[in-house]
Amino acid sequence: MEEFQASKPIYWQIVDRICHQIVRGEIQPGEKLPSVREMAIQTGVNPNTVQRTYSELERMAIVETKRGQGTFVTEAKDIISELKSRLQKEIIEVFVKNMKELGYTKEEMISGLKNFEEKEDRG
Amino acid sequence: MISFEHVTKKYGRETALNDVSFTLEKGKIYGFLGPNGSGKSTSLKMMAGLVFPSSGTVSVNGKKVDRKIAADIAYLSELDFYYSAFTVQDMINFSASQVSDFDWKKAEELVAFMQLEPNKKLKQLSKGNRARLKLVVTLARNTPILLLDEPFSGLDPMVRESIVKGLLSYIDFANQTVVIATHEIDEIEMLLDEVIAIQNGAIRAIENVEELRETKGLSVIEWMKQIF
């Protein structure tokens, strides 16, 4: 069973997790998602909530439901790359907002990131 | 559908429920939440036809509840009562003999799912395994309504988790209505569609769990802290 944050709807937190797994390549394009029941058991979440997750992913065109076969991740590369850039944008937005609150300028943020990267590379 | 209309229940001079009205819809999982003595168990017993209102009406699918409702309702008692000479299999056979809708195949699957040994005597089972067995005989019935009174009370986290997974695996979500009375919310918050907060014999509020999060940014526990 999984942990969830109190302040966000559970269906949306599962949408978010699946999106991250797709972007990381843990779930491949064209791959079949677990059935609603299986996903409910894995996560410990009400199946109505899981159904809502799948409907939302379908509305976002990230998955498609084939009748009698199940729910599959899209194979459309443009949708997945769009998803990837959307997640990136969300993370950058949070980063920039936090840095601005601390009083950093754009240039300082960029040099900060470069320094951080170099240290990471050197291990 | 379960409906309470102006239901009051008195035990002598004590009022257990005071003019309570609400409706529960088919195919949803409800959490009946409230402190000890709030009226949760009394409400469930009324749905099960084990206790009758002093005034007002309790009905299930349009029929006024009487003793015969037992045919439509599977009820899990909060009591840990058992025949000590019975084995797990005896308990299953006995339960099956009492009702017409017992699903033997499902019972067998559930026994395996809960890792219970059919030949073991009930007195040799741990409290947790007796709780698992109670759930087995309750879920093995194909009834439109499942009532679970304190299914997690006094059980360790492993047992609680197996009960949650048992419910998720074996409830017929499209057709069964499930009502779970509990004062422990942690385990079941994610399992519930709706929560009913009850205190001192009165319904304080009925809310959809996801709506609470969406509109108020609150988990059920946070919401409970606000209203109690």
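Below, chain A is the first sequence line, B the second, and so on; all start at residue 1.
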* **Which portion of B/Leu192 sits near chain A, non-hydrogen atoms under 4.5 angstrom** => backbone
* Enclosure of B/Glu117 CD (heavy-atom neighbours >12, cutoff 6.0 Å) -> no
* To do: With the side chain counted from C-beta on, respond yes when A/Phe4 and B/Glu189 share a heavy-atom pair under 4.5 Å apart, and no when they do not.
  => no
* Asked: Does atom CZ of B/Phe113 have more than 12 heavy-atom neighbours from other groups under 6.0 Å away?
  -> yes
* By number, which residues in residues 142-160 of chain B have some heavy atom less than 4.5 Å away from chain A? -> none
* Asked: Between B/Leu218 and A/Ser7, is any pair of side-chain heavy atoms under 4.5 Å apart?
  -> no
* Structure fact -> Okay, A/Glu3 and chain B: the region with an atom under 4.5 Å from a heavy atom over there is neither
* Pairing of A/Glu38 and B/Lys165 as salt bridge, 4.0 angstrom limit -> no
* Structure fact -> One option among B/Glu161, B/Glu222, B/Lys28 has the most heavy-atom pairs under 4.5 Å with chain A, and it is B/Glu161
* To do: To the nearest 0.5 angstrom, please state how far the CD atom of B/Glu214 sits from the CH2 atom of A/Trp12.
  => 10.0 Å
* Report the C-alpha distance between B/Leu191 and A/Val45 in whole Å, list the side-chain angles of each, state the deciding distance to 0.1 Å, and finish with yes or no for side-chain contact (heavy atoms from CB on, under 4.5 Å). => CA-CA 5 Å; B/Leu191 188 68; A/Val45 166; over 6 Å; no
* Asked: Is it true that atom CD of B/Gln115 has more than 12 heavy atoms of other residues, nucleotides or ligands lying nearer than 6.0 Å?
  -> no
* Asked: Which heavy atom in B/Ser169 sits nearest to a heavy atom in A/Ile41, and how many Å separate them?
  -> OG-CD1, 3.3 Å
* Which heavy atom in A/Pro47 sits nearest to a heavy atom in B/Leu168, and how many Å separate them? -> CD-CD2, 3.9 Å
* Structure fact -> Across all chains, not counting sequence neighbours, the salt bridge (charged side-chain N to carboxylate O under 4.0 Å, His left out) partners of A/Glu101 are A/Lys97
* From B/Tyr170 atom OH to A/Arg37 atom CZ, the distance as rounded to the nearest 0.5 Å -> 9.5 Å
* To do: Look at atom CD of B/Glu108 and say whether more than 12 heavy atoms of other residues, nucleotides or ligands are closer to it than 6.0 Å.
  => no
* Asked: Looking at side-chain heavy atoms only, is the closest gap between B/Met190 and A/Asn46 below 4.5 Å?
  -> no
* Asked: Quick one: does B/Arg213's side chain get under 4.5 Å of A/Tyr11's, heavy atoms only?
  -> no
